[in-house]
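Heads up: the structure comes next, in structure tokens.
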Protein chains: 2
Amino acid sequence: METTAKRFRKREAILACLQGTTSHPGAEWVFEQLKPQIPDLSLGTVYRNLSLFKEQGKIISLGTVKGVERFDANTAPHVHFICNGCGRVLDLAQIQVPTQLSDAAASSMGGRVDSCQLTFAGLCGACKTPYKEETP
Amino acid sequence: METTAKRFRKREAILACLQGTTSHPGAEWVFEQLKPQIPDLSLGTVYRNLSLFKEQGKIISLGTVKGVERFDANTAPHVHFICNGCGRVLDLAQIQVPTQLSDAAASSMGGRVDSCQLTFAGLCGACKTPYKEETP
DNA sequence: GTGTAAATAAGAATTGTTCTCAAACAGAAA
DNA sequence: TTTCTGTTTGAGAACAATTCTTATTTACAC
């Protein structure tokens, strides 16, 4: 029977959805993705569980892009690029934040550094050379 | 009469307020600061003008911290530290993001890098060692 | 004075997110 | 099986930050 996954926890589906994409989506996107498979999914459940995963450290928040909080199931420290054109968030896996920067940060303000986020913004390859956009 | 500047543009007051602080505030904070001097200031005006300044490049947005967008009139690239204890945002003027990182970012994704933000998070000196009393 | 375009106040509308609560569910115990 | 108990959920109300609308005010040119 095809009663496989649908009867089980939606929580797992939400985490799996995030783990199965590199698009650093927001809650709404996850909801839209899962809705066809899980028609009785509620947007509130998506928010609730994303929030839970964040607390548990299973996912991280990249902050809000254009008013929407974006998430990443890749919890390893890595660098991001936000396209101001299309809003996409890309991983820049090649780039590492030098550890001496973290050390310098900690010592320069006498506190403790728990995490760091390096984010570049600009235009991605596709948006850099766009089709001509007209205002009517 | 002391009706000198207050009857003139609120826009200027909003920018000046942001330029006169290092606290990386949000719209509400700016509004509260100016309200005593400009009693008929509207919160909408603060939002509108912050948005305008951002567009014009006169200020930058640090993104949202706990749901509130924070701004900085210091448009020179610099590093920030967010204290998870007290929520303050500090400048780490001593630290620079190596330019080769930006270059690497741009070339690795074939786009254009317009800005970068390096943000550390953790506990500031005060929050790291709480209740440390000074000698009386 | 009149005309005009920019800036504003006030608050309504919008939007992303959180909260409430009753119902559904999963698993343990009887 | 049936009952019990704590967990998860759907639906939508509530909320807060931000944006939008509109009528009014201002600055300035004529």
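Just so it is clear, the values below take in all heavy atoms, side chains as well, and ignore hydrogens, waters and symmetry mates. A, B, ... follow the sequence lines: proteins, then strands. Residue 1 opens every chain.
Of the residues in residues 60-68 of chain A, those with a non-hydrogen atom less than 4.0 angstrom from any atom of DNA chain C are A:G67, A:V68. Residues from residues 42-59 of chain B that place a heavy atom under 4.0 Å from any atom of DNA chain C, listed by number: B:S42, B:T45, B:R48, B:N49.
Taking hydrophobic clusters as Ile, Leu, Val, Met, Phe, Trp and Tyr residues chained together by side-chain heavy-atom distances below 4.5 Å, A:L90 does not share a cluster with A:V65.
Residue contacts shown for B:E69 are limited to sugar-phosphate atoms, with no base heavy atom under 4.0 Å away.
With a 4.5 Å cut-off on side-chain heavy atoms, A:V79 and A:Q94 do not count as touching. A:V68 places none of its side-chain heavy atoms less than 4.5 Å from the side chain of A:E28. In this structure, the side chains of B:R88 and B:C124 come closer than 4.5 Å at one or more pairs of heavy atoms. Contact check for A:F71 versus A:K54: side-chain heavy atoms found under the 4.5 Å cut-off.
Put simply, CD on A:E12 is 16 Å from P on D:dT7, counting in whole angstrom units. Note: CH2 (A:W29) to P (C:dG16) measures 17 Å, nearest angstrom. One atom, CG of B:D40, and another, C1' of C:dT8, lie 9 Å apart when rounded to the nearest Å. Per the geometry, CZ belonging to A:R9 stands 11 Å off P belonging to D:dT7, to the nearest Å. Atom C1' of nucleotide D:dT18 and atom CZ of B:R70 are separated by 16 Å, given to the nearest angstrom. Between A:I38 atom CD1 and C:dC25 atom P there is a gap of 14 Å when expressed in whole angstrom units. A straight line from CG of B:L34 to C1' of C:dA7 spans 16 Å, rounded to a whole angstrom. In this structure, CG of A:L15 is placed 12 Å from P of D:dT9, rounded to the nearest angstrom.
The CG atom of B:L18 lies 5.5 Å from the CD1 atom of B:I59; values are rounded to the nearest 0.5 Å. If you take CG on A:D40 and OG1 on A:T45, they are separated by 9.0 Å, rounding to the nearest 0.5 Å.
For A:S115, the side-chain contact (heavy atoms from CB on, under 4.5 Å) partners are B:A121, not counting sequence neighbours.
Formation of a donor-acceptor pair under 3.5 Å by the A:H78 side chain with backbone atoms of A:A93 is not found in this model.
With D:dG10, D:dT8, C:dA9 as the candidates, the nucleotide lying closest to the side chain of B:K10 is C:dA9.
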